[in-house]
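Data first, discussion second: the structure below is written as structure tokens.
To find a chain, count down the sequence lines: A is the first, B the second, and so on, and within it residues start at 1.
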There are 2 protein chains.
Amino acid sequence: MKISTKGRYAVRLMVDLAQNNTGENISLKDVAKRQNLSLKYLEQIITLLTKSGYVISTRGSNGGYRLAQKPEDYTVGMILRLTEGSLAPVACVEGDVNECPRKDDCCTIFVWKKLYKAICDVVDNITIADIVNMGADNYII
Amino acid sequence: MKISTKGRYAVRLMVDLAQNNTGENISLKDVAKRQNLSLKYLEQIITLLTKSGYVISTRGSNGGYRLAQKPEDYTVGMILRLTEGSLAPVACVEGDVNECPRKDDCCTIFVWKKLYKAICDVVDNITIADIVNMGADNYII
DNA sequence: TAAATTCATAGTAAGCTTATATGATATGGG
DNA sequence: CCCATATCATATAAGCTTACTATGAATTTA
């Protein structure tokens, strides 16, 4: 039940792009420096974000990345699903794709469905803008 | 963000012991047959449950297992924590053990804390008794 | 003593995680 | 045209986790 570094770094990456947006391209090198993360690893992660259109890339000198839309248009859930895959805690509750043959007499499936819903309720209701606007010290859980 | 088979099987195991309780020992062989799971794998899993006192074991012929307490005394959370380890989605939110040096200027930590709380709210409020009482077909999410 | 059971430990194939390494490709500025 | 600076594309790899299987010892009842 862990979120991998890939998913966490992807969120930090998006937040960094939002925080440092000046309208110009932001180089991944700068992001890596600010976030203290491996550039090469971030390159792999941002590939996912660009290919799905969340981030716009510009090659060459003075190239870099920018968010395609506003920070409030991206939820944490969108980013995690892209990098982590499905957020379903067990395969048998993610739609009809991985239906379990025991589904009809499985009495535990409702537990996993409830858990899945709780997870989605959190990650689908926090946006990158929410994270940016959240001061470092003044949040209350 | 997946719950492993170990955790899921442990829950099914506990539910099976609750459902088939007659006051006598229940052999793991029977559980494995009913649940269609590997006996040897279940042996490893139930070791965790016996060592922490959730299940009482009796060796020898006519030996087997019984729940130490009533089904309503065991939450899904208790069982999952035992088998899966911490349910924290990231290490830095599980108490003070794995504190992150970036903690004070990390703006994403509140996301993981909120997620952690949502997960706990679900698993700590469903007991084995709830699962047993939940008919196979008549639950509503 | 034999059968049935739990208990203990070791092994293992496959896949995932978390990167690092190498180099190709594209762009702007001098 | 050349060079520095970027992104883009693959390959590699150590270490860990998952999901078991295997072997056999210890215990208890009939």
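- Atom OH in A/Tyr65 sits about 14 Å away from atom C1' in C/dT27, given to the nearest Å.
- Nearest-nucleotide positions on DNA chain C for B/Thr47 and A/Glu43 put B/Thr47 closer to the 5' end.
- Rounded to whole Å, the distance from CG on B/Asp30 to P on C/dA4 is 12 Å.
- Looking at A/Arg12 and A/Asp16, no side-chain N of the basic residue comes within less than 4.0 Å of a carboxylate O on the acidic one, giving no salt bridge.
- Residue-to-nucleotide contacts include a donor-acceptor pair under 3.5 Å from the side chain of A/Arg59 to the base of C/dT25.
- The interatomic distance linking B/Ile56 (CD1) with C/dC7 (P) rounds to 12 Å, in whole Å.
- Per the geometry, CG belonging to B/Leu42 stands 13 Å off P belonging to C/dC7, to the nearest Å.
- The distance between atom CD1 of A/Ile3 and atom C1' of C/dT18, rounded to the nearest whole Å, is 16 Å.
- For C/dT20, the base has a donor-acceptor partner in the side chain of A/Gln44 [N/O atoms by modelled type, under 3.5 angstrom].
- In this structure, B/Ile46 places its CD1 atom 13 Å from P of C/dA8, rounding to the nearest Å.
- Counting only distance, with no hydrogens or angles, the side chain of B/Glu94 and the backbone of B/Ala88 share no donor-acceptor pair below 3.5 Å.
- Side-chain N or O atoms of A/Glu72 include none that pairs as donor or acceptor with a backbone N or O of A/Thr127 at under 3.5 Å.
- Distance CD1 (A/Ile45) to C1' (C/dT17): 11 Å, rounded to an integer number of Å.
- Distances shown here put a side-chain N or O of A/Tyr9 below 4.0 Å from the OP1 or OP2 atom of C/dA19.
- Put simply, chain B comes within 4.0 Å of DNA chain D, heavy atom to any atom, from D/dA19 to D/dA30, going 5' to 3'.
- As a whole-Å value, the separation of A/Asn36 CG from C/dA19 P is 11 Å.
- At the heavy-atom level, A/Thr58 lies under 4.0 Å from the strands shown only through sugar-phosphate atoms.
- Side chain of B/Lys2 to main chain of A/Met1: no donor-acceptor pair is present (N/O by atom type, distance under 3.5 Å, no hydrogens or angles).
- One N or O on the side chain of B/Tyr74 and one on the backbone of B/Gln69 form a donor-acceptor pair closer than 3.5 Å.
- When heavy atoms are screened at a 4.0 angstrom cut-off, A/Leu28 is found touching the sugar-phosphate backbone but no base atom.
- A donor N or O paired with an acceptor N or O is found under 3.5 Å between the base of C/dG23 and the side-chain atoms of A/Lys40.
- At least one side-chain heavy atom of B/Leu115 sits less than 4.5 Å from a side-chain heavy atom of A/Ile119.
- If A/Ser57 and B/Ser61 are placed on DNA chain D by their nearest nucleotide, the residue sitting closer to the 5' end is A/Ser57.
- Without hydrogens or angle criteria, A/Gln19 side chain to A/Val132 main chain gives no donor-acceptor distance under 3.5 Å.
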